[in-house]
Amino acid sequence: MNNKKLLDLLNKQYNFEIESAYIYKAMSLWAAKENWSGVANFFHQQALEEMFHASKLENYLLDIGYCVKLTKISEPKAEYSSLLEVFKDAFDHEKQVTANFVEIMKEAKEVPDYKTEIQAQWFLTEQVEEEATFDDLIATLERISDSPAGLFQFDAELAQRKFSPEA
Ligand code: FEO
């Protein structure tokens, strides 16, 4: 496979996954500073998951003989006004990831490149879950925003998350 446009899109997404990890790590650090230790854990685990996604793309690109390139990462947002803002930003970010893979899928179909289509399909399936997770968490937060006990429980539940590549 030597379609330059498609390879460059994959390399761009590889970097975007690393940038995602960086953004989620910044969210984790903000939550830790605000004493939401469960939320801090949730975003730390999310950052680990994004690095796993980057590794998956890296392995694919290396396997097909592409010279993987790292690009500059912008400084992530470090301050948030509320938990709701953090989760809404994360949801928007995931929607962008989905849009990126839709573009990769469209290009792979046009080439055509069936191997890359299979890769894009894996990520698009993953995106259904990623978006649903943030959508659910935002709905919960909106429901409990005035309840200290509810927020305490929300934080405690997110403390349980542990990323595993096998899951
Ligand atoms: Fe790797 Fe959350 O998308």
Side-chain angles (χ1 to χ4, degrees), residues 5-32 36 38-64 66 68-80 82-109 113 115-142 154-155 157-167:
K5 185 177 173 191
L6 185 53
L7 288 170
D8 288 348
L9 278 176
L10 288 167
N11 192 78
K12 192 173 163 195
Q13 185 57 29
Y14 164 67
N15 280 278
F16 200 68
E17 296 289 344
I18 296 173
E19 185 170 348
S20 304
Y22 209 46
I23 289 167
Y24 290 134
K25 191 65 212 171
M27 290 176 173
S28 172
L29 291 170
W30 174 83
W36 295 112
V39 175
N41 171 66
F42 174 88
F43 281 110
H44 174 70
Q45 300 300 321
Q46 185 70 28
L48 296 179
E49 182 167 353
E50 300 306 342
M51 287 308 294
F52 169 69
H53 293 166
S55 299
K56 207 170 157 62
L57 284 171
E58 178 182 311
N59 290 337
Y60 177 61
L61 283 165
L62 291 174
D63 282 349
I64 60 175
Y66 182 79
V68 177
K69 290 182 260 334
L70 286 167
T71 55
K72 193 172 173 180
I73 297 176
S74 316
E75 188 175 318
K77 179 171 163 179
E79 288 301 328
Y80 293 89
S82 65
L83 285 177
L84 195 56
E85 187 188 341
V86 181
F87 282 90
K88 281 187 170 174
D89 273 19
F91 191 25
D92 287 345
H93 186 80
E94 289 304 326
K95 287 182 197 164
Q96 182 58 55
V97 173
T98 303
N100 294 351
F101 277 108
V102 166
E103 192 185 354
I104 289 167
M105 178 62 104
K106 278 186 189 159
E107 190 60 29
K109 279 183 181 293
D113 176 349
K115 287 182 283 184
T116 299
E117 257 193 69
I118 291 167
Q119 293 293 317
Q121 205 166 60
W122 185 91
F123 279 98
L124 284 170
T125 304
E126 177 78 2
Q127 282 311 113
V128 174
E129 195 189 301
E130 295 265 273
E131 287 193 30
T133 297
F134 285 109
D135 196 25
D136 288 351
L137 291 172
I138 287 167
T140 303
L141 267 178
E142 282 173 339
F154 179 85
D155 192 54
E157 279 172 19
L158 294 193
Q160 304 306 313
R161 182 181 183 196
K162 191 155 177 44
F163 168 68
S164 159
E166 319 306 331

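Counting convention: from 1, in listed order, for ligands and their atoms alike.
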By atom name, which N, O or S atom belonging to E130 lies closest to atom 2 (Fe) of ligand 1?
OE1
Heteroatom N/O/S of E17 within less than 2.8 Å of atom 1 (Fe) of ligand 1
yes
Distance alone, cut at 3.5 Å: any donor-acceptor contact between the side chains of N15 and E19?
no
State which residue, out of Y80, F87, F163, fulfils the ring-ring contact (aromatic ring centres under 6.0 Å, His included) condition with F43.
F87
H93 and Q96 side chains, donor-acceptor separation under 3.5 Å
no
For atom 2 (Fe) of ligand 1, which N, O or S atom of E50 is at the shortest distance?
OE2
Decide, counting backbone as well as side-chain atoms, whether E49 has an N, O or S atom less than 2.8 Å from atom 1 (Fe) of ligand 1.
no
Looking just at side-chain N and O atoms, do Q121 and E117 make a donor-acceptor pair shorter than 3.5 Å?
no
Minimum-distance N/O/S atom that H53 presents toward atom 1 (Fe) of ligand 1
ND1
Charged N to carboxylate O below 4.0 Å: is that the case for E126 and K56?
no
